[in-house]
Amino acid sequence: MQFSLAVLPGDGVGPDVTAEGIKVLQAIGNQFGHNFNLHYGLAGGVAIDETGEALSRDTLNMCRHCDAVLLGAVGGPKWDDPKAKVHPEDGLLALRKGLGLYANLRPVKVFPVLVDSTNLKPKVIEGVDLIFVRELTGGLYFARPKRQWRTSRGRRATDSMTYSEQEIERIVRVGFELARGRRKKLVSVDKANVLQASRLWRQVAIELAPEYPDVELEHMLVDACAMRLIQNPAYFDVIVTENTFGDILTDEASMLAGSMGMLPSASLAGVPKKGVNIFGMYEPIHGSAPRRAGLNMANPIAIILSIAMMLRYSFSLVREAQTIEAAVEEVLNEGYRTYDIMSEGKKKAGTREIGDLIAGKVGG
Ligand code: IPM
Ligand code: MG
């Protein structure tokens, strides 16, 4: 089959890990007889340096015309000045909004062999297999008003946590649908004891529940969820939540898997369904780690697992996705580790070695 893919390597370690992801994708193409046509573009700091904008209209249009988008990472100290007019992250937000990618899926799965690489006790993280559904195009990140201004009594700034019932409904539905295909437990996370936006969120979730009688719905306050994620993470199956809450909780949850370098993500423009190709953008949840850039250090597993998600959700190539996931697990089982998940007695490997090893297994 033929697929077109927009590739935006971005900044820092973005290009390092993207190259390994593409290596693995090409191996899949060779092995299973698919053709992935790659269209490279600029996003983030590199785009600011080149064009003055974090994402040009042409690049956004190029992405729109592809079947999926692969993104490395954006950001870095060079563009961090809070007074700057444009930031690399603006490019990422413009992609999410401009492509209508409202559903951000972040699975957290603990590989048994990595149980020793985390800071948490093995008995706490054993059996963790959960997935976050983070709302990605609304809430505090996007809703208006959003601005800074001067008053006679000093400077002020505001961001708004505004949601329409339609925005809440479509993301909570994604949570219900995913739960249906898993262990049938959905936790909707909010701050309904304080925030109006959360009260509406909870109300809409309650109203939808009768349509999914096979799924058990529980509401949890975001602070309690932060605690429970460390206390008993195996408790969770599917978690659906607001944009900012999801941003914070998923960094926390990444520690369950040992490292941010292990966690993939999919940002989708619709409800994932078996056999239906949904447009999406795929990226590791880690940042650009500028100090590690170009040093063959970064862990490419997060982007490689993101490619597996792309094969599954955007291309309906389930067997191919499973092949990548199995190859990742094998390489870990054989003891190869990048620095972030290194532990005693294991074999230290660089970005490229891990990419080669996984591609080698995929390619038969
Ligand atoms: C993430 C990142 C982004 C976010 C940043 C880079 C804008 O932290 O994808 O979680 O806050 O959404
Ligand atoms: Mg984040």
Side-chain angles (χ1 to χ4, degrees), residues 8-15 17-18 21 42-48 53-55 60 63 69-82 84 86-108 130-143 146 159-161 163 167 171 189 222 225-226 229 239-257 259-269 280-293 298-299 302-303 305-306 309-310 340:
L8 312 172
D11 308 317
V13 298
V17 295
T18 302
L42 297 176
V46 282
I48 296 176
E53 300 173 288
L55 182 79
L60 182 63
C63 293
V69 181
L70 182 70
L71 183 103
V74 298
K78 184 175 172 192
W79 309 279
D80 259 358
D81 181 357
V86 51
H87 293 99
E89 290 77 6
D90 300 343
L92 180 56
L93 298 183
L95 281 162
R96 290 173 178 172
K97 193 74 174 177
L99 300 172
L101 307 172
Y102 68 89
N104 183 214
L105 273 42
R106 296 184 165 187
V108 181
L130 59 88
I131 184 163
F132 272 93
V133 179
R134 170 186 174 196
E135 200 291 322
L136 205 60
T137 53
L140 271 183
Y141 273 59
F142 289 99
K146 177 184 244 345
D159 297 281
S160 315
M161 192 188 282
Y163 273 107
E167 281 176 300
I171 193 70
V189 172
V222 62
C225 180
L229 273 174
I239 303 175
V240 63
T241 193
E242 189 270 343
N243 204 340
T244 306
F245 297 163
D247 178 46
I248 298 168
L249 293 174
T250 53
D251 265 28
E252 184 192 2
S254 74
M255 288 297 103
L256 304 168
S259 160
M260 300 253 284
M262 294 298 299
L263 284 209
S265 85
S267 304
L268 304 180
M281 180 164 77
Y282 298 84
E283 54 175 314
I285 86 148
H286 63 69
S288 59
R291 282 179 308 144
R292 317 270 185 210
N299 186 348
I303 200 164
L305 291 174
S306 302
M309 293 185 86
M310 175 171 87
D340 55 316

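Remember, it's 1-based here, ligands and their atoms both numbered in the order they're listed.
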Novice: Got N243 and Y163 here, is their nearest side-chain heavy-atom distance under 4.5 Å?
Specialist: yes

Novice: Got a salt bridge between E89 and R96, using NZ or NE/NH1/NH2 to carboxylate O under 4.0 Å?
Specialist: no

Novice: Using a 4.0 angstrom limit on heavy atoms, which residues are close to ligand 1?
Specialist: E89, L92, R96, R106, R134, Y141, D247

Novice: Distances under 2.8 Å only: what protein N/O/S atoms are near the Mg ion (ligand 2), ordered by chain and residue?
Specialist: D247 OD1

Novice: Quick one: does S267's side chain have a donor or acceptor within less than 3.5 Å of a partner on G280's backbone?
Specialist: no

Novice: Can you confirm whether L268 sits close enough to N104 that some side-chain heavy atom of one is under 4.5 Å from a side-chain heavy atom of the other?
Specialist: no

Novice: Does L136 offer a backbone N or O that forms a donor-acceptor pair with the side chain of E242 under 3.5 Å?
Specialist: no

Novice: Is it true that Y141 and D247 share a donor-acceptor pair across their side chains at a distance under 3.5 Å?
Specialist: yes

Novice: Taking the six-membered ring of Y282 as reference, does the cationic atom of R106 (NZ for Lys, CZ for Arg) lie under 6.0 Å from its centre and within 45° of its axis?
Specialist: no

Novice: With a 4.5 Å heavy-atom cut-off, do L42 and L8 have their side chains touching?
Specialist: no

Novice: Answer yes or no: is there a side-chain heavy-atom contact under 4.5 Å between D11 and W79?
Specialist: yes

